[in-house]
Structures are given as structure tokens and as C-alpha cells.
Amino acid sequence: MKVFVLSQTGIPLMPTTPRRARLWLKAKRACVVRREPFTIQLRVETTTYTQPGTVGVDTGSKTVGLAATANREVVFQAEMYLRTDISGKLTQRRQYRHARRSRKTRYRAPRWADRRRSSGWLPPSLRSKAEATVKAVRFVASILPIDQINVEIGSFDTQKMQNPEVSGVSYQQGQLQGYMLREYLLQKWQRQCAYCQTSGVPLQVEHLIHKSRGGSDRASNLVIACDPCNKRKGTLTAEEFGYAHLQVQARQPLKDAAQVSSIKTAVVKQLAQQFGSERVAVTHGYETKYKRIQMLALPKSHANDAVAIACEMGEIVQPGSSVYQIRCIACGNYQLYNGKRSEHKVWAPKKLHGWKLYELVEAKGQIGYIGGRRVKGAFVVKDVVSGKTLIEVTPRKLRRLSRPVGGWMITRFPVSQIAGKEGGASFPS
Ligand SMILES: [Zn+2]
């Protein structure tokens with residue numbers, strides 16, 4: 001674990017050890033600026049020599065992985081859970097406004113045909129996700145010296161995969177090329193077994209004409225198959241196995257493989273605007289996977305993917321000890337009236353029995369956040385990661401751990417609690 005350090009003027013310096021931070025605080029050479037992640041600011045002038053690090057961003061539509069490396073060490077690791085309530089809330093607001101306009105101002109002419117969208121327009125739900133991702137990178141850059149930002153934009157590099165069916169890219173397990181071809185094949189066969197169409201199981205790269213019978217390692221001889229199908233097929237050719245049409249299908253290259261999701265495009269564009277395009281680099285999923293498995297030997301999780309994204313090819317870093325869990329939340333409740341005809345004023349107080357929504361609490365040995373409050377009765381405590389209800393307890397039993405700051409609810413977990421399951425084995429037939 002590291003303590004983040006700001007200079008007297010607020011410029012991020014290299015992080016330090018808890019021991020040194022404790023001594024500085026005791027000697028009144030520093031003061032605390034943030035509890036989570038623990039950040040101190042020096043009260044005396046120092047040299048501002050830094051060895052800037054790299055941030056890796058694993059963008060996603062629900063979870064974002066963030067990691068910062070410096071001096072061959074992971075100094076910051078976080079998983080951020082994005083908001084998923086935007087679309088529903090805007091739909092509700094739109095319905096209220098439509099109803100109110102038709103109820104109260106029927107005489108006004110419709111005013112929806114003259115609206116125009118600007119060129120870089122994103123739907124509000126996606127815009128929120130892109131902006132939250134960029135905000136998180138800005139936050140990391142505010143507590144750590146950063147000079148490089150790596151963002152993963154797709155699972156494989158379309159530039160390098162220009163017509164892979166005819167170019168010499170061949171499949172070898174455990175090689176960087178092999179990882180790229182595997183991602184390409186997964187996309188080409190829609191992440192399901194080519195024979196039985198199962199998905200959600202570990203999928204393998206399978207040779208249509210077996211290697212022992214002269215089959216090549218080119219993409220035109222490869223499909224994706226589940227383990228049972230792969231075993232049943234054995235050394236048979238696809239034709240003998242009863243799937244002659246696959247042989248034809250495999251020869252056709254994947255069309256329009258160049259699509260990068262609009263969130264990722266927006267994230268890269270905004271980061272380039274804010275940090276300068278020379279500091280933002282893009283990587284691909286196959287490189288991430290290769291680095292995470294072959295070089296760093298880390299289990300699959302968004303935070304570990306971000307570590308792999310931050311690393312250079314061949315660079316080995318010491319893993320961190322803790323992962324921050326950041327949950328994005330609404331900054332406030334803007335609804336003033338409710339009821340079928342907006343006849344009730346929303347009277348819910350900001351504080352109830354001294355508690356606000358989204359405060360991080362401990363109750364009966366469980367840690368969660370306040371997700372619901374009742375005037376007479378129990379408070380609902382929900383899980384930080386999943387948002388599911390843990391317990392309902394009376395507010396007297398709660399113990400406050402932290403308050404939400406700037407639209408974020410931050411908790412810290414040891415790294416061992418975070419690792420998820422490994423998705424998809426990669427063994428060729
Ligand atoms: Zn199958």
C-alpha cells in the first residue's frame with residue numbers, strides 16, 4: 001500500500017510508504033487532504049523531482065479498470081462501477097415533461113422537429129460513462145505524477161490484421177500472434193462453438209483439417225469450438241464430421257472488423273484533448289491478455305487488465321496490495337415534485353436521523369452503503385460492488401466509515417478479494 005503525496009503547491013509527487021507518511025504527519029511536516037485514497041500534502045518546500053508513471057485504462061460499459069505503474073511497481077489500482085440509471089431517469093423526466101406540456105400548454109405548437117444534434121453527440125447514458133472514465137483518469141493524475149496514458153480500444157488490431165486469411169499470421173499457442181488470431185477468431189465466430197453454437201463456455205481454437213493431416217495454422221483453417229465438440233471431432237476433417245459448410249465459411253474474412261465502441265472513441269478523444277494526444281496511446285485486448293497471462297501471471301479482473309495495459313511489452317511490475325472500489329453515484333436528487341399530477345412536494349430530507357444516502361457504513365459486521373431510508377423503520381444497507389441488499393437495520397446500529405465525495409463512493413479491499421474467474425481457456429486442438 002502507498003500513501004499519495006502532494007507538494008506544498010498541490011503538485012503530485014511520488015507516493016511514499018505509510019511509515020514515512022506517519023512520521024511526517026507526527027512532525028507536522030504534512031497534513032491529510034483525503035482519507036480514501038489516503039493522500040497527504042507537504043507543508044514544507046521540497047524538490048519536486050518525480051519519475052512519472054503510466055496509467056492503464058480498461059474501458060467498459062459497466063466496470064472500468066484503472067491502474068498506475070511507476071518504478072516497476074503498481075502504485076494505484078481501482079475498479080470503477082459506472083452509473084446505469086441515467087437512461088431510466090431521463091425517460092422518466094421526459095414522460096413528466098410531455099404529460100405536463102400536453103396538460104397545461106396544449107395551445108403551443110410542437111417544438112421537437114427543429115432540434116439538431118451536434119457532430120460528436122453521444123446518448124446521455126454513454127456520455128455519462130465516457131465522462132466518468134475521463135474523470136477517473138484526471139483524478140489519478142491529480143494524486144500521482146503521470147506522463148503516459150494507455151487505453152485499450154479493441155480486442156485485436158485491425159491494422160495488423162488486414163486480411164489475415166491470406167497474410168501469414170498463423171496460430172501458435174502462447175504467442176502474441178496467437179493471442180491476436182484467437183481474438184480475431186472469437187469475433188469472427190461470434191464467441192460461440194462453430195459446431196453446436198454453445199456460448200458462455202471455455203472456447204478453443206480448432207483446426208478444420210487437423211494438423212496431422214496437413215492442415216495449416218492460417219485463419220482460413222481455424223474455427224472456435226467448445227471442448228466436447230473438439231474432442232468428438234478429433235482428427236476428422238470438418239467435412240467428415242458433417243460440417244462441410246464451415247470449410248467454406250472459414251475462408252471468408254471477417255467484414256467490418258474496424259468498429260470501436262463509441263464510448264472508447266469518446267474516451268480517447270477527450271483524454272487527448274485534456275492531456276495532449278502525444279501522451280495518450282491505444283492498445284488492444286490481445287496484447288493485454290498476453291501480457292497479463294504470459295508476463296505478469298495475474299488472474300482476470302478489470303484492475304489486473306488495467307495493470308497489463310499500463311505495462312510496456314516485456315516490463316514486469318510488482319503487483320499492488322490493495323484495490324480501490326469506486327462506485328459512481330448521483331450527486332443529488334433533483335426531483336421537486338411527484339405524484340400522478342406532480343401534486344406532492346418531495347419532502348424527503350437530505351439527512352434522516354443524521355444519515356444521508358450513499359454513506360459507507362458498517363452494521364452487524366457487514367460493510368455496505370445506505371441505499372434506502374425510512375422515517376419509521378429500518379435502513380437498507382447495500383453491497384458496494386453488486387448493489388444488492390445486504391441487511392436492513394435500525395439506524396442506531398450503523399457505524400459510519402466514510403461519506404461520498406464528488407459523486408464517488410470509495411472503498412479499499414485487499415487484492416486477494418477482487419480476482420474474478422478466468423474467462424476462456426486457450427488451447428489449440
Ligand atoms: Zn460445441
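Note that the coordinates shown come from a computational prediction; the quantities given were computed from them, not determined experimentally. In each ligand, atom 1 is the first atom listed, and ligand 1 is the first ligand listed.
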### Message
I'd like to know if Glu131 and Arg127 make a salt bridge, using a cut-off of under 4.0 Å between side-chain N and carboxylate O.
### Response
yes

### Query
Between Asn221, Asp217, Thr235, which is the residue that forms a side chain to side chain donor-acceptor pair (under 3.5 Å) with His207?
Asp217

### Task
Return the set of residues passing salt bridge (Lys or Arg N to Asp or Glu O under 4.0 Å) with Arg412 (not counting sequence neighbours), or none when no residue passes.
Glu36

### Message
Quick check on Arg35: does its CZ atom have over 12 non-hydrogen neighbours (other residues, nucleotides or ligands) under 6.0 Å away?
### Response
no

### Query
Around the Zn ion (ligand 1), how many protein N/O/S atoms fall inside 2.8 Å?
4

### Task
Kindly write out the residues that satisfy side-chain hydrogen bond (donor to acceptor under 3.5 Å, both in side chains) with Gln270, not counting sequence neighbours, or none if the list is empty.
none

#### Entry: Partner set under side-chain hydrogen bond (donor to acceptor under 3.5 Å, both in side chains) for Arg138, not counting sequence neighbours
Gln274

